[in-house]
Amino acid sequence: HVDIINKCTQYSCGINLFSGPTGSGKSTSLANHIGYCQIRDNYRREVITLEDPPEIPIVGAIQKAVLRGAADDRVAEEKAWTDGFNTLLRLNPDWIVAGELRLKVTMDAALKSALTNHLTWGMLHASSATLVPERLREEGIGMGYLSDPDIFRLFANQSLVPMLCPHCSTTYVKDSNRLPEYLRQRIEKYCTPDTVRLRGPGCPGGRPDNQGHPQCHRGVLPMRTICAEVMHTDHQSLKAYRKSGAAALRRYWVQNLGGVTKTAHMIEKIN
C-alpha cells in the first residue's frame, strides 16, 4: 500500500483520492502522508490546502480555510470554494490539498487544478476504492475524465477495525465451540484457524500491555487499526470501468493488478 501511494507522489499533476466512511481516519492518513513526504524531502515542495474547516495540522503545508459569508447558504459555499481554488492556482503551489470533495463545484475545482499541472489530493466518502469513480460520476464528473489515468491516478480507501487485547484473548482452537456455526464455517474457509484469536472477557484491573498502552475494555483495546485498499490506475483498468462499471473495475484490479481488498487485508491481520 505504502509503495503504491509513494509512487503516486512522484507525478507532477493528477488527482490522488483518499476515501472511506465517516470516522475512518482518511483525514489523518492523508495529513500524515503529506507531512511525512515534506519531512522526507526536506520541504522542497510548496503545499497549500483548502479546507472547510482545517481539521488536522499538516507538517510543511500552508493551510487555508474556505471563507464563506453565510454558513447555511449553498450558493455562498460553492462560491467560496471556487474563489478559494482560484486564489490557490494563482499562487502556483506544487501540491494542492482539496479537503473533502462533497460538492460538485469542489470536484470541478480539484479537476481544474489537476489539469493545470498541480498534483491534487482530496478526500470523499465511498465504501471501497473502486466505488470512488462511481461517486464522482454520480456528482456529474464526465466519463472522459474518469477513464483517464493521467488525471485520476490513485483511489485509496480505508476502514478502522478493533484490536483484541493480547493478554486476555483466547485461541480459536481452544474456544471455537462458543461461536455460532456460520461463523466457524467462515473462519475455517477463509482464515488460518491455528493463528486466529478470539475476544476475551477483559483483563481484571485493566492491566496495560508491555508498552504501557491503556487497559482493554471487555477484551478490546482502546485503539483501532487500518484495513485498506489502494489502487494505482492504468489505462486497462479504467477502460474496464468505462465499459462495464465499478464491479468490472474491481474484478480487473484484483485479477490482473494484484489488488488487495480491505477484506483480504483484514484477513491477513486476523491470521
Side-chain angles (χ1 to χ4, degrees), residues 1 4-38 45-58 60-66 77-78 80-89 91 93-142 145-146 148-158 228-233 238:
H1 288 151
I4 294 170
I5 295 172
N6 281 333
K7 182 176 181 180
C8 291
T9 66
Q10 304 305 312
Y11 296 107
S12 60
C13 62
I15 302 177
N16 297 328
L17 292 176
F18 281 55
S19 65
T22 301
S24 62
K26 55 186 178 292
S27 299
T28 303
S29 289
L30 180 57
N32 285 347
H33 178 70
I34 291 174
Y36 162 75
C37 289
Q38 286 292 79
R45 304 178 188 88
E46 183 176 356
V47 180
I48 305 181
T49 79
L50 187 63
E51 303 168 80
D52 184 24
E55 295 183 65
I56 301 170
I58 301 177
I62 300 169
Q63 295 179 257
K64 294 184 177 293
V66 174
E77 182 179 5
E78 291 180 350
W81 274 102
T82 302
D83 292 345
F85 264 104
N86 288 336
T87 300
L88 258 61
L89 291 177
L91 296 173
D94 300 298
W95 287 3
I96 290 176
V97 183
E100 188 173 321
L101 307 182
R102 62 176 178 266
L103 301 174
K104 170 64 162 56
V105 68
T106 317
M107 296 177 184
D108 287 338
L111 189 57
K112 180 181 178 181
S113 69
L115 293 171
T116 52
N117 207 40
H118 301 87
L119 188 63
T120 303
W121 302 80
M123 297 173 290
L124 81 166
H125 290 94
S127 57
S128 72
T130 48
L131 283 176
V132 170
E134 200 72 357
R135 282 278 292 110
L136 295 166
R137 189 181 65 83
E138 287 177 355
E139 294 297 327
I141 301 300
Y145 295 122
L146 292 174
D148 188 343
D150 292 330
I151 297 175
F152 289 96
R153 299 192 182 276
L154 177 77
F155 298 144
N157 185 274
Q158 69 181 61
E229 48 193 43
V230 180
M231 177 184 181
H232 182 204
T233 64
L238 294 187

Partners meeting side-chain hydrogen bond (donor to acceptor under 3.5 Å, both in side chains) with Tyr36 (sequence neighbours left out): none
Ile34 and Thr49, any side-chain heavy atoms less than 4.5 Å apart: no
For Glu139, all residues meeting salt bridge (Lys or Arg N to Asp or Glu O under 4.0 Å), sequence neighbours excluded: Arg135
Residues forming a side-chain hydrogen bond (donor to acceptor under 3.5 Å, both in side chains) with Asn16, sequence neighbours excluded: none
Partner residues of Ala228 under the side chain to side chain contact (heavy atoms under 4.5 Å, CB included) criterion, sequence neighbours left out: His1, Gln158, Ile226, His265
Min side-chain heavy-atom separation Leu89-Thr116 under 4.5 Å: yes
With Thr28 via side chain to side chain contact (heavy atoms under 4.5 Å, CB included) - residues at least two apart: Asn32, Ile56
Pairs touching residues 120-129 that satisfy salt bridge (Lys or Arg N to Asp or Glu O under 4.0 Å), sequence neighbours left out: none
Pairs involving residues 108-126, ordered by first then second residue, that meet salt bridge (Lys or Arg N to Asp or Glu O under 4.0 Å) (sequence neighbours left out): Lys104-Asp108
Atom pair CG (Asn86) and CG (Leu91), whose distance is rounded to the nearest 0.5 Å: 11.0 Å
Check against side-chain contact (heavy atoms from CB on, under 4.5 Å), Leu146 and Leu136: CA-CA 8 Å; Leu146 292 174; Leu136 295 166; 3.8 Å; yes
Contacts of His33 that satisfy ring-ring contact (aromatic ring centres under 6.0 Å, His included) - sequence neighbours left out: Trp121
Interatomic distance, Glu229 atom CD to Ser128 atom OG [nearest 0.5 angstrom]: 5.5 Å
Listed once per pair and sorted, the salt bridge (Lys or Arg N to Asp or Glu O under 4.0 Å) pairs that draw on residues 6-18, sequence neighbours left out: none
Pairwise distance CE(Met123) to CG(Leu101) - rounded to 0.5 angstrom: 8.0 Å
Main-chain N/O of Ser113 paired with His118 side-chain donor or acceptor, under 3.5 Å: yes
Non-neighbouring partners of Pro54 that pass side chain to side chain contact (heavy atoms under 4.5 Å, CB included), sequence neighbours left out: Glu51, Gln63, Ala65
Heavy-atom donor-acceptor pair, Asn117 side chain to Cys13 backbone, under 3.5 Å: no
Those residues that, when tested against Asp148, pass salt bridge (Lys or Arg N to Asp or Glu O under 4.0 Å) (two or more places apart): none
Expected output: side-chain Ser19 to main-chain Ala156 donor-acceptor under 3.5 Å: yes
Side chains of Val66 and Leu50 in contact at under 4.5 Å (non-hydrogen atoms): yes
Considering all heavy atoms, the nearest Leu119-Thr9 contact: CD2-O, 3.9 Å
Side chains of Leu124 and Val132 in contact at under 4.5 Å (non-hydrogen atoms): yes
Side chain to side chain contact (heavy atoms under 4.5 Å, CB included) against Leu103, all qualifying residues, sequence neighbours excluded: Arg74, Glu77, Glu78, Trp81, Val105, Thr106
